[in-house]
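Basis for what follows: all heavy atoms, side chains included, without hydrogens, waters or symmetry-related copies. Computed from a predicted structure; not experimentally measured. All chains are named by letter (A, B, ...) in the order of the sequence lines, taking the proteins before the strands, and each is independently numbered beginning at 1.
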Amino acid sequence: MVRVRFAPSPTGYPHLGNIRTALFNWAFARHNNGVFILRIEDTDVARLVEGAADVILDSLRWLGLDWDEGPYFQSQRLELYHKAVDQLLKQELAYRCYCSPQRLESMRQEQMKRKQPPGYDRHCRNLTREQKAEMEASGIIPVVRFMSPLEGQTFFNDLLRGQIIFENSTLDDFVILKSDGYPTYHLANIVDDHEMAISHVLRADEWLSSAPRHVLLYQAMGWQPPLFAHLPMILGTDRSKLGKRHGATAINEYQEQGYLPEAMFNFLVLLGWALDDKTEILTRDEIVKHFSLERISKTAAVFNKDKLDWMNGVYLRGLGLEEFVQRAMPFLGRDLPVEISRPLDTGYISQFMPLVQERARTLAEVPQLSDFFFVEELEYDADLLLGKIDKAEAVKGLQASIARVDGLQDWTATSLETVFRPLAEELGLKTGVFFGLLRVAVTGRTAAPPLFQTMEVLGRERCIKRLKSAIDKLER
RNA sequence: GGCGCAUUCGUCUAGGGGUUUAGGACACCGCCCUCUCAAGGCGGAGAUCACGGGUUCGAAUCCCGUAUGCGCUACCA
């Protein structure tokens with residue numbers, strides 16, 4: 001039975017890398033009809049970020065990474081860890097350490113200065129009974145350290161990278177229980193993974209170095225360790241570990257920026273995993289069907305926003321009109337100028353959304369792509385009207401247009417086109433130039449959806465008003 | 001500094017000894033379509049597969065070194 005877990009710590013908002021790890025775990029579980037467990041590793045009271053756990057849960061829900069068990073909170077399972085610590089203490093596989101943070105700090109400084117590998121000097125490892133009693137009496141609250149073997153090797157088989165071997169002499173006596181009574185990651189992690197019968201630990205590469213500690217702890221507890229696979233990391237553009245200085249990294253920011261969860265899902269799975277030599281767009285079902293550890297790459301991946309944008313556009317265009325409108329609505333409400341009265345008219349919006357849908361790469365672009373459909377007064381620089389023609393020609397063209405269109409029988413894209421094409425010729429203007437003039441007059445910009453379709457949606461009244469206002473602008 | 005992992009176009013990747021003149025995608029450039037933009041179609045440029053040694057009839061693919069990058073080296077996860 002495959003049982004995997006995603007075990008984030010609520011010390012910050014989940015970034016792309018965290019979520020990609022969650023995604024791989026989820027996909028692995030679903031592919032194997034296994035169980036996906038969510039566990040919040042909130043053992044660092046000092047760095048805990050208010051609300052982070054909720055953001056983590058929301059982000060997972062947003063991407064549809066549903067969990068079968070949990071969320072468990074380690075802060076509510078302290079007895080479990082204390083029990084393990086007691087066992088290790090009793091077996092003399094761990095010991096209390098009374099060293100002050102100051103002593104540890106100066107020890108490290110000294111080691112650095114001498115270019116020695118930093119690590120706990122095992123000062124408290126061999127305290128005499130009397131010394132221990134003395135320390136206890138002094139009122140110092142100790143930490144508990146694991147008694148690492150001084151020689152030999154610790155090894156395990158990483159599912160992705162093969163046999164990994166560490167010299168025990170390079171390991172120090174790491175802390176397993178802090179003085180505030182909370183366990184460290186290392187201890188809590190192995191206790192819970194054992195307790196929850198985790199079969200595979202799929203976690204980021206950054207944990208590889210501490211894996212031998214975990215193996216040692218499993219051995220000390222007399223437990224069978226799970227299988228390990230250390231996943232490649234996701235790096236920033238500068239190839240370093242993802243962090244705040246890389247701009248938007250928290251997954252919820254992408255939601256706010258108008259990325260579709262299904263696009264994000266697809267994009268993220270391809271950061272470190274590939275189906276074959278050409279498939280880029282995969283449905284969630286296809287991913288579940290084909291996902292396998294063997295096809296996970298071993299090298300860290302740089303996050304490429306351009307490709308995400310492209311992929312999001314693909315998904316956006318694949319949406320049905322109604323679906324697209326529904327998804328775009330919150331963004332229109334949020335970003336359209338405040339003067340535009342709400343609630344927005346869905347019927348009207350649905351008329352031009354097909355035009356916008358083809359052009360948007362994110363939902364957040366929808367408002368700026370379509371604001372001229374809403375706004376009463378267009379604001380633009382009159383010079384835009386004068387692309388390749390002079391003022392007189394422009395005014396003449398606009399006046400002729402108004403005259404021609406004022407009494408037009410039916411106001412549709414096709415009928416408008418049959419009016420304006422000949423008019424361009426009459427005016428001696430290339431269609432590109434003439435239509436460009438009209439486009440600016442009607443939309444206030446040089447790049448917009450097809451002119452006549454736009455005019456049809458805008459309606460006669462509004463179009464004529466805008467043509468007139470363009471003349472005003474020129475003559476002002 | 002020590003330990004560990006990694007190294008194929010700018011980026012994401014395919015490749016698991018001969019089928020490779022190293023394939024695809026994003027981005028980039030050009031052409032087509034076209035009222036602009038976008039989308040789409042076609043084409044192009046872009047990787048001496050980090051480097052150096054082996055093994056082999058034959059290596060991007062296996063082995064060993066070197067270099068570089070990243071990670072860890074906390075009473076953080």
Distance check needed: [N] [atom2] versus [X] [atom1], whole Å only.
X         : N      : atom1 : atom2 : answer
Asp158(A) : C3(B)  : CG    : P     : 20 Å
Asn304(A) : C9(B)  : CG    : P     : 14 Å
Asp309(A) : C12(B) : CG    : P     : 16 Å
Arg39(A)  : A77(B) : CZ    : P     : 13 Å
Tyr182(A) : A74(B) : OH    : P     : 23 Å
Phe267(A) : U13(B) : CZ    : C1'   : 12 Å
Glu206(A) : C72(B) : CD    : P     : 6 Å
Asp277(A) : G16(B) : CG    : C1'   : 14 Å

Any base atoms under 4.0 Å from [X], or only sugar-phosphate, or nothing? Heavy atoms, all strands.
X         : result
Val143(A) : base
Ile165(A) : sugar-phosphate
Gly313(A) : nothing
Met233(A) : sugar-phosphate
Pro449(A) : base
Arg361(A) : nothing
Arg47(A)  : base
Phe166(A) : sugar-phosphate
Lys115(A) : sugar-phosphate
Leu208(A) : sugar-phosphate
Thr11(A)  : nothing
Cys97(A)  : nothing
Thr237(A) : nothing
Arg317(A) : sugar-phosphate

Taking atom types as they are modelled, would you say the side chain of [X] forms a donor-acceptor pair with the base of [N] within the 3.5 Å cutoff?
X         : N      : result
Glu280(A) : G24(B) : yes
Arg359(A) : C37(B) : yes
Thr170(A) : G2(B)  : no

Between [X] and [N], is there a contact of a side-chain N or O with OP1 or OP2 at under 4.0 Å?
X         : N      : answer
Lys298(A) : G71(B) : no
Lys305(A) : C12(B) : no
Thr43(A)  : A77(B) : yes
Arg145(A) : C75(B) : yes

[atom1] atom, [N] versus [M]: distance in rounded Å?
N      : M      : atom1 : value
C12(B) : G53(B) : C1'   : 32 Å
C70(B) : U11(B) : P     : 14 Å
G58(B) : G17(B) : C1'   : 7 Å
U61(B) : C3(B)  : P     : 26 Å
C28(B) : U73(B) : C1'   : 42 Å
A77(B) : A60(B) : C1'   : 37 Å
A38(B) : C31(B) : P     : 14 Å
G43(B) : C33(B) : C1'   : 15 Å

Taking only the side-chain heavy atoms of [X] (C-beta and beyond), determine which of [options] contains the nearest atom.
X         : options                : answer
Lys178(A) : G2(B), C75(B), U13(B)  : C75(B)
Pro118(A) : C5(B), U73(B), A77(B)  : U73(B)
Arg439(A) : C12(B), U36(B), A77(B) : U36(B)
Lys278(A) : C12(B), G24(B), C75(B) : G24(B)
Arg421(A) : A14(B), A25(B), C35(B) : C35(B)

Using Watson-Crick or G-U wobble geometry with both distances under 3.5 Å, which nucleotide pairs with [N]?
N      : value
C3(B)  : G71(B)
C37(B) : none
G43(B) : C29(B)
A50(B) : U66(B)
U56(B) : none
U61(B) : none

(request) Specify the residue among Thr446(A) and Arg20(A) whose closest nucleotide of RNA chain B lies further upstream toward the 5′ end. (result)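 The residue mapped nearer the 5' terminus is Arg20(A).
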Centroid separation under 6.0 Å, is that true for the rings of [Y] and [X]?
X         : Y         : answer
Phe435(A) : Phe452(A) : yes
Phe6(A)   : Trp67(A)  : no
Tyr120(A) : Phe174(A) : no
His200(A) : Phe28(A)  : yes

(request) Find out whether the Lys NZ or Arg CZ of Lys305(A) is both under 6.0 angstrom from the six-membered ring centre of Tyr254(A) and within 45° of the ring's axis. (result)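 No, cation not above the ring by the 6.0 Å, 45° rule.
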(request) Report yes or no: is the cationic atom of Arg39(A) (NZ for Lys, CZ for Arg) closer than 6.0 Å to the six-membered ring centre of Phe73(A), at no more than 45° off its axis? (result)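 Negative - Arg39(A) is either too far from the ring of Phe73(A) or too far off its axis.
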(message) Any side-chain to backbone donor/acceptor pair from Asn266(A) onto Leu282(A)? Under 3.5 Å, distance only.
(response)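 Yes: the side chain of Asn266(A) pairs with the backbone of Leu282(A).
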(request) Locate the shortest heavy-atom distance separating Ala94(A) from Val144(A); write the atom from each residue and the value. (result)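 Where Ala94(A) meets Val144(A) most closely, the heavy atoms are CB-CG1, 3.8 Å.
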(message) A quick test of your reading: do over 12 heavy atoms of other residues, nucleotides or ligands sit less than 6.0 Å from CD of Glu136(A)?
(response)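 Counting other residues, nucleotides and ligands, CD of Glu136(A) exceeds 12 neighbours.
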